[in-house]
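Here the structure is laid out as structure tokens; the discussion comes afterwards.
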Amino acid sequence: MNKLFSIALFILASLTVQAQDKQAKELLDDVTAKIKSYSNITIDFKYNLNNSKENINQESKGSVIIEGNKYVLNFMGATKIFDGKKTYTIVPEDEEVTVSSTNDKDEKSITPSKMLTFFNSGYKYSMDILQNVKGRKIQYIKLIPNSGKDQRKEVLLGIDIQTKHIYNLIEVGKNGTKTTLTVNSFKTNQPLSKNQFIFVANKYPNYYINKLD
């Protein structure tokens, strides 16, 4: 009887996990469809890096404009422009621009253009907790990297149930480091300049241009 009871519990637990995974996939698919429906996205965000063992706690703010796979990222005093072929990293403090090719097919690199859809491959996922954040219902999905070489233990993706927009992204490293990216402002289909994703060298006449390839 005890053996049958244990088997029954195992089957019920398996069915529950499968149901959660299906529910998680449906929610992630909804998020992806919503993101792809916009011509462009502008985000203001807060970034926090914490490692209590190393006594590290850093916080900074940034912004990013995304259109397809192109983007302009302003973060930690630097600006990154990706025009679809090359990345231009502009650092005013050093008066330097670094030009490099970006492999957008590299699954390990989460670029700003992938930030809102990176979860579509390379992870196992399941439903996690539901939180009420200032009147907003945020459903978390736990993502576990498939690759054992990945230095991240897990990723928690917070999704606004009503808007299907990402509220925050929490990465927990195997070394105890926890990074949190929280979306403060999410705007869509904004009027953008024709040169929004074009690097204009004339704007940086005294800068050293470092071409990596």
Side-chain angles (χ1 to χ4, degrees), residues 24 28 31-32 35 41-66 69-82 87-98 100 102-104 106-134 136 138-160 163 165-187 210 212:
L28 291 176
V31 172
T32 301
I35 293 302
I41 298 170
T42 301
I43 296 173
D44 291 331
F45 62 87
K46 180 176 68 174
Y47 179 85
N48 177 266
L49 184 148
N50 181 274
N51 187 317
S52 55
K53 292 182 180 179
E54 301 294 333
N55 196 28
I56 298 173
N57 187 40
Q58 300 175 349
E59 190 170 294
S60 54
K61 294 181 180 180
S63 65
V64 61
I65 301 173
I66 304 169
N69 68 336
K70 300 176 183 179
Y71 63 81
V72 177
L73 172 68
N74 292 292
F75 185 56
M76 298 185 74
T79 297
K80 267 192 175 185
I81 301 174
F82 180 58
T87 301
Y88 301 84
T89 303
I90 306 159
V91 184
E93 185 178 355
D94 300 331
E95 292 192 340
E96 181 179 56
V97 177
T98 301
S100 61
T102 300
N103 183 5
D104 199 49
D106 185 359
E107 293 183 357
K108 294 181 181 179
S109 63
I110 299 181
T111 63
S113 53
K114 290 181 180 179
M115 186 176 70
L116 303 176
T117 56
F118 76 92
F119 45 77
N120 285 320
S121 64
Y123 299 88
K124 296 176 182 177
Y125 41 77
S126 61
M127 297 293 279
D128 206 82
I129 62 172
L130 176 66
Q131 283 189 341
N132 190 310
V133 181
K134 297 180 181 179
R136 300 166 64 187
I138 306 299
Q139 174 65 59
Y140 282 90
I141 292 179
K142 181 182 291 187
L143 305 164
I144 305 295
N146 289 333
S147 174
K149 296 180 180 180
D150 199 306
Q151 295 305 306
R152 295 168 300 170
K153 179 181 178 182
E154 63 183 28
V155 180
L156 289 170
L157 191 66
I159 300 169
D160 187 313
T163 64
H165 292 166
I166 294 174
Y167 167 70
N168 67 351
L169 173 69
I170 303 169
E171 291 187 346
V172 181
K174 293 177 180 178
N175 64 351
T177 299
K178 179 180 178 181
T179 59
T180 304
L181 188 150
T182 303
V183 175
N184 292 327
S185 172
F186 191 102
K187 298 178 182 179
N210 181 22
L212 298 182

Which heavy-atom pair separates Ser52 from Asn50 by the least distance, and what is that distance? N-OD1, 3.6 Å
If you draw a 6.0 Å radius around NZ in Lys174, do more than 12 non-hydrogen atoms from other residues or ligands fall strictly inside? yes
Classify the side-chain pair Thr177/Asn51 by whether it contains a donor and acceptor separated by less than 3.5 Å. yes
Within a strict 4.5 Å, meaning less than it, do heavy atoms of the Asp44 and Lys61 side chains meet? no
Among Val155, Leu157, Thr179, Thr180, whose side chain to side chain contact (heavy atoms under 4.5 Å, CB included) with Ile170 holds? Thr180
Quick one: list whatever passes salt bridge (Lys or Arg N to Asp or Glu O under 4.0 Å) with Asp150, sequence neighbours left out. Arg152
Non-hydrogen side-chain atoms of Lys46 and Asn48 separated by less than 4.5 Å: no
Main-chain N/O of Glu93 paired to Glu95 side chain as donor or acceptor, under 3.5 Å: no
Only counting residues at least two apart or in another chain, list the ones meeting side chain to side chain contact (heavy atoms under 4.5 Å, CB included) with Asn210. Glu96, Thr98, Tyr208, Leu212
Is it the case that more than 12 heavy atoms not belonging to Asn55 sit under 6.0 Å from its CG atom? no
If you measure from NZ on Lys178 to CD1 on Ile56, what distance do you get to the nearest 0.5 Å? 15.5 Å
Decide side chain to side chain contact (heavy atoms under 4.5 Å, CB included) for Phe75 and Lys80; before the verdict, give the C-alpha distance in whole Å, the side-chain angles of both, and the deciding distance to 0.1 Å. CA-CA 8 Å; Phe75 185 56; Lys80 267 192 175 185; over 6 Å; no
Do the ring planes of Tyr123 and Phe118 sit parallel (below 30°), tilted (30 to 60°) or perpendicular (above 60°)? perpendicular
If I take atom CD1 from residue Ile129 and atom OH from residue Tyr140, how far apart are they, to the nearest 0.5 angstrom? 6.5 Å
Partners of Leu130 by side chain to side chain contact (heavy atoms under 4.5 Å, CB included), sequence neighbours excluded? Lys137, Gln139, Ile161
Closest approach of Pro92 to Gly77 (non-hydrogen atoms, all atoms of both residues): CD-O, 3.3 Å
What's the separation between atom CZ in Phe45 and atom CG in Asn168, rounded to the nearest 0.5 Å? 13.5 Å
When rounded to the nearest 0.5 angstrom, what is the spacing between OH in Tyr47 and CG in Leu181? 8.0 Å
Taking side chain as C-beta onward, heavy atoms only, is Tyr71 less than 4.5 Å from Ile41? no
Min side-chain heavy-atom separation Lys187-Ser185 under 4.5 Å: yes
If you define the side chain from C-beta out and look only at heavy atoms, does anything of Val183 sit under 4.5 Å from Tyr167? no
Working note: Ile159 + Leu28, criterion side chain to side chain contact (heavy atoms under 4.5 Å, CB included); need CA distance, chi angles, decisive distance, verdict. CA-CA 9 Å; Ile159 300 169; Leu28 291 176; 4.1 Å; yes
Once rounded to the nearest 0.5 Å, what's the spacing between atom CD1 of Ile35 and atom CD1 of Ile166? 6.0 Å
Stepwise side chain to side chain contact (heavy atoms under 4.5 Å, CB included) check, Ile141 with Leu143: CA-CA 6 Å; Ile141 292 179; Leu143 305 164; 4.1 Å; yes
In Å, rounded to the nearest 0.5 Å, how long is the span from NZ of Lys153 to CG of Asn175? 11.5 Å
Hey, are the side chains of Val133 and Asp160 touching, using non-hydrogen atoms and a 4.5 Å cut-off? no
